[in-house]
Asker: 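Please read through the structure below; I'll follow up with questions.
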Amino acid sequence: MKITSAEFFKSVKRLEDLPKDNLPEIAFAGRSNVGKSSLLNALMRKKLAYASSTPGRTRDINFFRINQKFYFVDLPGYGYAKVSKAEQEAWKELLEAYLRNRPQLRLCVMLVDARHPEMQNDKQMSEFLYFYGRPFAIALTKIDKLKKKSERENARKAVEGFFSNYEFVQEVSAQSGEGVLDLLKHIGQRVA
């Protein structure tokens with residue numbers, strides 16, 4: 001699959017504001033600071049998603065229209081964020097309701113940091129997705145930060161042993177571009 005056009009479509013704070021055009025959606029979920037915005041920008045080959053060094057910047061569900069045929073959906077990060085408990089709870093409710101009930105959702109790409117492949121909140125997200133029958137794949141991010149081949153192999157083995165019920169694991173680096181086209185190929189199969 002080739003991305004020929006990508007544009008920011010809208011930010012959503014409430015479920016009733018979700019797009020109503022029934023286009024397929026590919027959601028990206030992960031802990032705060034796992035590199036969601038950077039990976040989205042690498043996939044779209046355009047800086048549309050706001051990438052920040054401060055964890056927890058994505059606070060809404062952000063929709064990017066791709067090739068006028070489907071959406072990439074940037075979900076709020078889970079885990080660390082300097083916001084009130086009330087705001088964290090509102091994010092959680094919005095995120096869970098979207099993942100549970102959205103019929104247009106074709107695949108959730110769960111981002112896992114290659115340097116920390118066995119985090120409990122990632123495991124909980126994978127179990128949530130499986131419980132609600134949502135197909136998901138794992139993008140093992142920041143793979144370029146692991147310099148030795150053995151470190152990369154160990155990270156992948158850890159992910160493959162720690163998680164279950166995923167469709168595939170793809171090692172990616174938003175910085176170097178490694179694995180980005182392979183991930184896009186997998187995504188293309190879901191929106192074709």
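Below, all heavy atoms of this structure are taken into account, side chains as well, without hydrogens, waters or symmetry copies.
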Asker: So do Q68 and E7 actually touch side chain to side chain, heavy atoms under 4.5 Å?
Answerer: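 Yes. Closest side-chain heavy atoms under 4.5 Å.
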Asker: Heavy-atom count around F128 CZ within 6.0 Å, excluding the residue itself: above 12?
Answerer: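 Yes, because the 6.0 Å sphere around CZ of F128 holds more than 12 heavy atoms from other groups.
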Asker: Any side-chain heavy atom of Q189 within less than 4.5 Å of one from E167?
Answerer: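 No, side chains not in contact.
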Asker: Do L15 and L94 come within less than 4.5 Å of each other through their side chains, counting heavy atoms only?
Answerer: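 Yes, side chains in contact.
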Asker: Minimum heavy-atom separation for A139 and V172, please, with both atom names.
Answerer: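 Smallest heavy-atom distance, with atoms named: CB-CG2, 4.1 Å.
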Asker: How about NZ on K145, more than 12 heavy atoms from neighbouring residues, nucleotides or ligands closer than 6.0 Å, or not?
Answerer: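 At most 12 heavy atoms, drawn from other residues, nucleotides or ligands, come within 6.0 Å of this atom.
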Asker: So do Y166 and E160 actually touch side chain to side chain, heavy atoms under 4.5 Å?
Answerer: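 Yes, their side chains come closer than 4.5 Å.
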Asker: Check whether K36 reaches the backbone of L75 with its side chain - one donor and one acceptor, N or O, closer than 3.5 Å.
Answerer: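 Yes, the answer is positive, given that a donor and an acceptor are paired below the 3.5 Å cut-off.
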Asker: To the closest 0.5 Å, what do you measure between CZ (F163) and CZ (F136)?
Answerer: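 F163 CZ to F136 CZ: 7.5 Å, rounded to 0.5 Å.
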Asker: For the residue pair L48 and L40, establish whether any side-chain heavy-atom pair is separated by less than 4.5 Å.
Answerer: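 In short, these two side chains do not touch, never coming nearer than 4.5 Å.
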Asker: Using modelled atom types only, decide if a donor and an acceptor are shared between the side chain of R106 and the backbone of P24 within a distance under 3.5 Å.
Answerer: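 Not at all, since once roles are kept as given, no pair shorter than 3.5 Å links the two residues.
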Asker: Spell out, yes or no, whether L105 and V73 are grouped together once hydrophobic residues are joined by side-chain heavy atoms under 4.5 Å, including indirect joins.
Answerer: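 Yes; V73 is reachable from L105 via cluster members.
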Asker: Using a 3.5 Å distance criterion without hydrogens, assess whether the side chain of R156 forms a donor-acceptor pair with backbone atoms of V169.
Answerer: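 At least one qualifying donor-acceptor pair exists.
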Asker: For the atom pair OG (S5) and NZ (K46), what is the distance rounded to the nearest 0.5 Å?
Answerer: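 It comes to 7.5 Å.
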Asker: Is it true that F28 and F70 fall in one hydrophobic cluster, defined by side-chain heavy atoms closer than 4.5 Å?
Answerer: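 They do share one cluster, since a chain of ILVMFWY contacts under 4.5 Å joins F28 to F70.
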Asker: Has K20 got a side-chain atom pairing as donor or acceptor with L18's backbone, closer than 3.5 angstrom?
Answerer: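 Answer holds: yes.
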Asker: Is it true that D113 and T141 share a donor-acceptor pair across their side chains at a distance under 3.5 Å?
Answerer: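 Per modelled atom types, T141 and D113 side chains form no pair under 3.5 Å.
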Asker: Are L111 and F168 connected in the hydrophobic side-chain network, where two residues link if heavy atoms are under 4.5 Å apart?
Answerer: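 Same hydrophobic cluster.
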Asker: With rounding to the nearest 0.5 angstrom, report the CG to CZ distance, L43 to F72.
Answerer: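 Answer rounded to 0.5 Å: 5.0 Å.
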Asker: Less than 4.5 Å apart, any side-chain heavy atom of V12 and any of F63?
Answerer: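 Touching, per the 4.5 Å side-chain cut-off.
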Asker: Within the structure provided, determine whether V112 and M119 are in side-chain contact (heavy-atom separation under 4.5 Å).
Answerer: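 V112 vs M119: side chains apart.
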Asker: Quick one: does any side-chain atom of R134 pair with a main-chain N or O of L99 as donor and acceptor, under 3.5 Å?
Answerer: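 Yes: the side chain of R134 pairs with the backbone of L99.
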Asker: Should I187 and L39 be regarded as members of a common hydrophobic cluster, given that ILVMFWY residues are connected when their side-chain heavy atoms come within less than 4.5 Å of each other, either directly or indirectly?
Answerer: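 Result: yes, single cluster for both.
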Asker: Would L107 and H186 satisfy side-chain contact (heavy atoms from CB on, under 4.5 Å), going step by step from the backbone distance to the final call?
Answerer: CA-CA 10 Å; L107 178 70; H186 289 296; 5.9 Å; no
Asker: Should L183 and V34 be counted in the same cluster of Ile, Leu, Val, Met, Phe, Trp and Tyr side chains packed under 4.5 Å apart?
Answerer: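 Yes; V34 is reachable from L183 via cluster members.
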Asker: Can you name the closest pair of heavy atoms from K142 and G35 and give their distance?
Answerer: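 Closest approach of K142 to G35: CE-N, 4.3 Å.
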Asker: Taking N165 for the side chain and E127 for the main chain, is one N or O donor matched with an acceptor at less than 3.5 Å?
Answerer: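 It does not hold such a pair.
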Asker: Is any side-chain heavy atom of I61 closer than 4.5 Å to one of S11?
Answerer: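 No; the side chains remain at least 4.5 Å from each other.
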Asker: Would the distance check show the side chain of R152 and the main-chain N or O of L146 forming a donor-acceptor pair, the cut-off being under 3.5 Å?
Answerer: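 Yes; at least one donor-acceptor contact below 3.5 Å.
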Asker: Report, as yes or no, whether the 6.0 Å neighbourhood of atom NZ on K185 holds more than 12 heavy atoms from other residues, nucleotides or ligands.
Answerer: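 Not more than 12 within 6.0 Å, no.
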Asker: Just wondering, more than 12 heavy atoms not from R115 lying within 6.0 Å of its CZ?
Answerer: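 Enclosed: over 12 neighbouring heavy atoms sit under 6.0 Å from CZ of R115.
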